[in-house]
Amino acid sequence: MAGEGTPPAALWGGRFEGGMAPAMVPLNLSLDVDRRLWRHDIVGSRAWARALGRARVLEADEVQALTEGLDRVEARLAAHGVSDATDEDIHSLVERLLTEEAGDVALKLHTGRSRNDQVATDLRLWVREVGEELAERVTTLGRALVELAATGMDIVMPGYTHLQQGQPIRAAHWALAPVWPLLRDRDRIRGAVRAAGVLPLGSGAVAGCPFPVDRDALAADLGFHGVSRNSLDAISDRDFLADLLYAGALTGMHLSRIAEDLVLFSSAEFAFVRLDDGYSTGSSLMPQKRNPDVAELTRGKSGRLLGNLTGLLTLLKGLPTGYNRDLQEDKSLAFDTVDTLDLVLPALAGAVATARFRPERIAARLDSQLWATDLADYLVRRGVPFRRSHEAVGRIVRLAEDRGCGLGDLTTDDLRGIHDAFDDDVHQVFDWDRSADSRGVPGGTSRSAVEAQMAAARAALDA
Ligand code: ARG
């Protein structure tokens, strides 16, 4: 039994006889995973010591001894890391080191606090920190796409539906398309950060704190915007983590689709885009190979981002009200999502920033049938109902196919043979720039619409 001046052997040893079963020990340990919360644990602990001081539970000199002791623990961990400590978790480790640094006063730090409200607080502090960094990385990728788009304003390429050529678009329009989902992803990440800004500390293990801690002051001290309203909810609420993992899964899905386009468009069959050597890899067997691994790995990694979200929701769904040890499993999932995105986002941003359009290859792929809708629209402008013009142009396409020629190779007489509303000026339709420029609505492909879109994307990324 621990007497005066002797630290307790474990955080909860008092009521137990004998040690933990050997098979239970490794299952019980979480230090390998939660060690990365050490800074957050110290920040939360310092604030808790100050809160106990304001509540007159601790004397001023005790608060000072604790906060200075925690400063020294922080310096020690910063210098040497957690290394090979055998403590159960990061909370036990910090408390043990504090005992070494500050002596018996350390035994008072856990007054009115539980690891349940402590770990929830640590995690929220962590989400707020990494969420901001993640949002920044998403922004960087968005900026890279905008810069690539700027090089594609004069390039008209096929716009695809069903992966079949549909209508001409500007390459800039294609490069800007994924910027918008990324901006929404960033909003979602920021939403998770905001959700994390509610303070659970002061909830104790389940029922709240018996000492008159000013939780609003504690929240302000830690930079939280509010305090939780129900201790039972607070210690098991991981919605903010689910928000982050959902934002991460959706980001991953968007990155995967960017990646898929890059794989496709960098292939010999398309060759619309060339990835820089720095983001390509070779083959150990085929000397000529230049593989878009950056995109394939991005696409592959998106699976685990979805898996982490699924894992967390599955973990949470059957828990009875209050803290349950299952919750310990939340961290490896959350850390993996952030680590995966930390890996993927800079690589993909670099690949996009150094990618180049290949205008000559794009131009060679433009099929004259991309003008079919423009022909139908021409007839509409001459008063032909769209359903009839659609039908007429369908026959024109068949005629050109039968003759083995392009739409632009047909004469006015050929076209008039199918519909008499065609005139000589119809040949103006067969112009790629004109076609793209004909769609001038906001969000369309005209030069001015795409320029406005690009300016809006830049402004949104800066916001
Ligand atoms: N390592 C635990 C976790 O991550 C800390 C909380 C432990 N609480 C408890 N009552 N055993 O959830």
Side-chain angles (χ1 to χ4, degrees), residues 2 4-15 34 37-71 73-74 87-99 101-126 196-238 321-325 327-328:
E4 283 291 306
T6 327
L11 292 185
W12 37 262
R15 62 107 64 228
D34 59 28
L37 294 176
W38 69 268
R39 273 183 203 281
H40 313 89
D41 201 70
I42 290 172
V43 166
S45 291
R46 262 195 303 251
W48 184 245
R50 287 191 289 265
L52 289 175
R54 283 192 297 269
R56 307 214 176 287
V57 176
L58 296 181
E59 304 292 339
D61 59 327
E62 292 177 318
V63 174
Q64 195 184 347
L66 285 172
T67 53
E68 288 176 3
L70 286 164
D71 290 346
V73 171
E74 185 172 19
D87 304 81
E88 179 183 323
D89 58 21
I90 190 61
H91 323 294
S92 333
L93 173 97
V94 168
E95 208 174 311
R96 177 175 60 78
L97 294 182
L98 180 63
T99 311
E101 291 296 332
D104 272 2
V105 68
L107 306 178
K108 295 191 171 185
L109 175 63
H110 213 51
T111 308
R113 184 177 72 166
S114 152
R115 278 184 296 164
N116 298 352
D117 56 351
Q118 189 178 354
V119 73
T121 304
D122 292 2
L123 261 181
R124 285 170 182 267
L125 289 168
W126 174 80
V198 176
L199 180 80
L201 202 56
S203 299
V206 54
C209 177
F211 304 104
V213 162
D214 181 345
R215 296 189 65 216
D216 291 314
L218 181 57
D221 193 357
L222 285 169
F224 285 74
H225 63 75
V227 303
S228 57
R229 296 295 168 190
N230 181 308
S231 61
L232 205 50
D233 170 44
I235 37 115
S236 64
D237 172 16
R238 296 292 183 272
T321 306
Y323 178 84
N324 298 271
R325 192 68 185 277
L327 287 169
Q328 180 166 289

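Side-chain atoms of Asp117 do not come within 3.5 Å of backbone N or O of Ile235 as any donor-acceptor pair. When atom types are taken as modelled, the side chain of Asn230 and the backbone of Leu232 share a donor-acceptor pair closer than 3.5 angstrom.
Side-chain atoms of Leu123 and Trp126, non-hydrogen and from C-beta on, do get closer than 4.5 Å to each other. Looking at Trp48 and Thr121, their side chains never come closer than 4.5 Å, going by heavy atoms from C-beta outward. Two residues are said to be in side-chain contact when any heavy atoms from C-beta on lie closer than 4.5 Å; Asn116 and Val206 fail this criterion. By the 4.5 Å heavy-atom criterion applied to side chains, Ser45 and Gln118 are counted as neighbours. Counting heavy atoms from C-beta outward, Leu327 and Ser236 have side chains that approach closer than 4.5 Å.
Across all non-hydrogen atoms, the minimal contact from Ala49 to Leu109 is CB-CD1, 4.0 Å. Considering every non-hydrogen atom in both Leu218 and Ala51, the closest pair reads CD1-CB, 3.9 Å. Contact record, Arg124 with Val198: NH1-O, 3.1 Å, taken as the closest heavy-atom pair. Residue Ala102 comes nearest to Ala65 through the heavy atom pair CB-O, 3.9 Å, listed as atom of the first residue, atom of the second, then distance. Of all heavy-atom pairs spanning Leu199 and Phe224, the tightest one is N-CD2, 3.5 Å. Closest heavy-atom contact between Val227 and Ala219: CG1-CB, 3.8 Å.
Residue Glu59 places its CD atom among 12 or fewer non-hydrogen atoms of other residues, nucleotides or ligands, all under 6.0 Å distant.
The side chain to side chain contact (heavy atoms under 4.5 Å, CB included) test with Ile42 singles out one residue from Asp122, Ile90, Leu98, Leu70, and that residue is Leu70.
Here Leu52 contributes atom CG and Phe211 contributes atom CZ; the two are 8.0 Å apart, rounded to the nearest 0.5 Å. A distance of 9.0 Å separates CD in Glu62 from OG1 in Thr111, rounded to the nearest 0.5 Å. A distance of 5.5 Å separates CG of Asp34 from NE2 of His91, quoted to the nearest 0.5 Å. Rounded to the nearest 0.5 Å, atoms CZ (Arg229) and OG (Ser203) are 11.0 Å apart. Rounded to the nearest 0.5 Å, atoms CG (Leu37) and CG (Leu93) are 12.0 Å apart. Atom CD of Gln328 sits about 4.0 Å away from atom CZ of Arg325, to the nearest 0.5 Å.
Every residue meeting the side chain to side chain donor-acceptor pair (under 3.5 Å) condition with Ser228, not counting sequence neighbours, appears here in chain and number order: Arg215.
Electrostatic pairing of Arg54 and Asp214 does not count as a salt bridge here, judged by no charged N lying under 4.0 Å from a carboxylate O. In this structure, Arg46 does not pair ionically with Asp221, as no charged nitrogen and carboxylate oxygen lie closer than 4.0 Å. Salt bridge Glu88/Arg115: present, at least one basic N to carboxylate O contact under 4.0 Å.
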